[in-house]
Protein chains: 2
Amino acid sequence: MANGTRLANTAWESLMSAHAVLMRQFAAQDIWRELSMREYDVLYQLSKCPEPQRIGELHKHLLLSQPALSRMVDRLVERGFVERLAAPEDGRGVRLALTDTGRDVQRRIGRHHARDVARAVSARLDADELRQLEAICRKLASPEE
Amino acid sequence: MANGTRLANTAWESLMSAHAVLMRQFAAQDIWRELSMREYDVLYQLSKCPEPQRIGELHKHLLLSQPALSRMVDRLVERGFVERLAAPEDGRGVRLALTDTGRDVQRRIGRHHARDVARAVSARLDADELRQLEAICRKLASPEE
DNA sequence: GCGAAGTATATGCATTTGCATCTACTTGAA
DNA sequence: TTCAAGTAGATGCAAATGCATATACTTCGC
């Protein structure tokens, strides 16, 4: 294996590993009664957009198949957290918006989760490292040049 | 939200996002015919240990519930990639080992996957950034001090 | 405009997952 | 020893997931 390949793979593996360790730690917290982590993820993504968001757009940010997301939205709608709206320019499309209840739940759980994230991450990295990590991950997530 | 909290959360979110973007990209590759990514992950973890590994140990490195892992092992055993061995000092325990076939499959797919990882990651980060990322993620994955 | 090809989302169905619980074994204290 | 409490892993069952495909719309070349 070429050295560049090894370096890239080692870095990726350590990222995967950090992801797994922390996800496991967050999942163990007792804040996921009302919403599973995946459901929270959907509500969180929606909470970030001022405008109702297209399902396809939402899908890009989640590790779920499109049909699984479609059905997850079914459930969230049924539970009154999300509503489906028609897309103005595309008759096939659907836009999703948080309901007031949905926004409340997201905020409440988000507050606890953010605290857990800050605790876990800040216990291991200092501010400089956090800034470096963010910059590097931002590049990693950017479209390939 | 305190600044430290925000910084930590922003960094974590960018890591999540990088993880999602790249996982999606890797999943789209046409190399997962014989093994799903999750199955590959199990075989890969096993391939790293010279000794047969305990299920509980394996479980720590995977984002799967214990029962889901137990059944995944069932399937991998049935397909001839893994074998279950008794644990020498614990009658409840099970140790897992790759079969020769399992090792072959893991290596074959691993070769392709490593190439994809190197391509994707190296297109976005230079060697210095890779080393920083690895160091930081290693700290992140370390047990809390 | 019109039909073929393309895209956004939904649905049918088999498989996989997680939660609760069970079994079998180990440990530790009296 | 013996037995209560603890741990490793397996199993029953309902719910969530992915794959293939259907449906409803849009777009593009003619």
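Chain letters run A, B, ... following the sequence lines, proteins first, then strands; residues in each count from 1. On a predicted model such as this, the values are computed, not experimentally measured, just so you know.
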In whole Å, what is the span from the [atom1] atom of [X] to the [atom2] atom of [N]?
X       : N      : atom1 : atom2 : result
A/Arg33 : C/dC19 : CZ    : C1'   : 14 Å
B/Leu62 : D/dG9  : CG    : P     : 13 Å
B/Gln66 : D/dG12 : CD    : P     : 14 Å
A/Gln53 : C/dT9  : CD    : P     : 10 Å
B/Leu69 : C/dC19 : CG    : P     : 14 Å
B/Glu39 : D/dT17 : CD    : C1'   : 14 Å
A/Tyr40 : D/dA16 : OH    : P     : 20 Å
A/Met37 : C/dC19 : CE    : C1'   : 17 Å

Applying side-chain hydrogen bond (donor to acceptor under 3.5 Å, both in side chains), name anything that partners A/Arg119, two or more places apart in sequence or on another chain. none
Salt bridge A/Asp128-A/Arg131, side-chain N to carboxylate O under 4.0 Å: yes
Basic-acidic side-chain contact under 4.0 Å: A/Glu34, A/Arg108: yes
Proximity to DNA chain D (any heavy atom under 4.0 Å), residues of residues 82-95 of chain A only: A/Asp90, A/Gly91, A/Arg92
So, applying side chain to side chain contact (heavy atoms under 4.5 Å, CB included) with A/Val77, which one of A/Thr99, A/Leu96, A/Val82 is it? A/Val82
Judged by atom type as modelled, is there a donor-acceptor pair below 3.5 Å linking the side chain of B/Ser142 to the main-chain atoms of B/Lys139? yes
Test item: B/Asp41 side-chain N/O and B/Met37 main-chain N/O as donor-acceptor pair under 3.5 Å: no
Residue [X], side-chain heavy atoms: nucleotide from [options] that is nearest:
X       : options                : result
A/Arg38 : D/dT17, C/dT17, C/dA10 : D/dT17
B/Ile55 : D/dT17, C/dT17, D/dG9  : D/dG9
A/Arg54 : C/dT17, C/dA8, D/dT17  : C/dA8
A/Pro67 : C/dT16, C/dT11, C/dA8  : C/dT11
B/Arg75 : C/dT16, D/dG18, C/dT11 : C/dT16

B/Glu39 and B/Tyr44: side chain donor to acceptor below 3.5 Å: no
Whichever of B/Leu64 and A/Asp74 has the more 5' nearest nucleotide on DNA chain C, that residue is A/Asp74
Relative to the 5' end of DNA chain D, which residue comes earlier, B/Gly56 or B/Arg71, by the nucleotide with the nearest heavy atom? B/Gly56
Apply the test side chain to side chain contact (heavy atoms under 4.5 Å, CB included) to residues A/Thr10 and B/Leu130: give CA-CA distance (whole Å), side-chain angles for both, the deciding distance (0.1 Å), then the verdict. CA-CA 9 Å; A/Thr10 309; B/Leu130 288 174; over 6 Å; no
B/Trp12 vs A/His19 aromatic rings, parallel, tilted or perpendicular, using cut-offs 30° and 60°? parallel
If you fit an axis to the five pairs at each end of the helix from C/dG1-D/dC30 to C/dA30-D/dT1, how big is the angle between those two axes, to 10 degrees? 30°
Closest non-hydrogen atom pair, B/Leu58 against B/Gln53: CD1-OE1, 3.8 Å
